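Hydrogens, waters and symmetry mates play no part in the numbers below; they use all other heavy atoms, side chains included. Source: prediction; values computed, not measured.
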Amino acid sequence: MSSEPDNKTNAEKDRENNNFAGQFVQSLGHSVIQAPIDGVREVVNKLSDKEVIPKVQIVHAPEKAEYGTPAWNGQQLGKGAGLLAVLIFAGRMLSRR
């Protein structure tokens, strides 16, 4: 058990754990929009040995849902769909001549 106080009621927790669509969309958005931004930022800043590009937060990562809940399933499918979309986009950009 966590030592931090939990301010959420059981009804709020149940609503969050059953929110498949919301978690899917948030995970998809984070994978397609925020993850590439963070990746480019990290590479540029690492290669230059200083912070050239500041942290930009457009889509927040979803809070980790309890394993096996509809919200968790939505997060996993959203991450997978987002990764697939980014890979397809990158493949098409690299295959153009």
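Residues V43 and L47 meet the side-chain proximity criterion, which asks for heavy atoms closer than 4.5 Å. Proximity of V86 to F89: side-chain heavy atoms (C-beta onward) are nowhere separated by under 4.5 Å.
In terms of heavy atoms, G82 sits closest to S31 at CA-CB, 3.7 Å. Closest heavy-atom contact between K79 and S27: N-CB, 3.9 Å. Closest heavy-atom contact between F20 and N73: CE1-C, 3.8 Å. Taking both residues in full, the closest heavy atoms of G78 and F24 are given as N-CD1, 3.3 Å, listed atom of the first, atom of the second, then distance.
Both V32 and I58 belong to a common hydrophobic cluster when Ile, Leu, Val, Met, Phe, Trp and Tyr are linked at side-chain heavy-atom distances under 4.5 angstrom. Hydrophobic clustering (side-chain heavy atoms under 4.5 Å, transitive across Ile, Leu, Val, Met, Phe, Trp, Tyr) groups I33 together with L28.
A donor-acceptor pair is defined here as one N or O able to donate and one able to accept, closer than 3.5 Å; such a pair exists between the side chain of N45 and the backbone of V52. In this structure a side-chain-to-backbone donor-acceptor pair under 3.5 Å is present from Q26 to H60. Q75 places a side-chain N or O within donor-acceptor distance of the main-chain N or O of E63, the cut-off being under 3.5 Å. Side-chain atoms of Q34 come within 3.5 Å of backbone N or O of V56 as a donor-acceptor pair. When atom types are taken as modelled, the side chain of S95 and the backbone of R92 share a donor-acceptor pair closer than 3.5 angstrom.
The structure places CD1 of I53 at 10.5 Å from CG of D38, a figure rounded to the nearest 0.5 Å.
Within a 6.0 Å radius of NZ in K55, other residues, nucleotides and ligands contribute more than 12 heavy atoms.
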Verdict with reasoning, L87 to L83, per side chain to side chain contact (heavy atoms under 4.5 Å, CB included): CA-CA 6 Å; L87 290 174; L83 178 60; 4.1 Å; yes
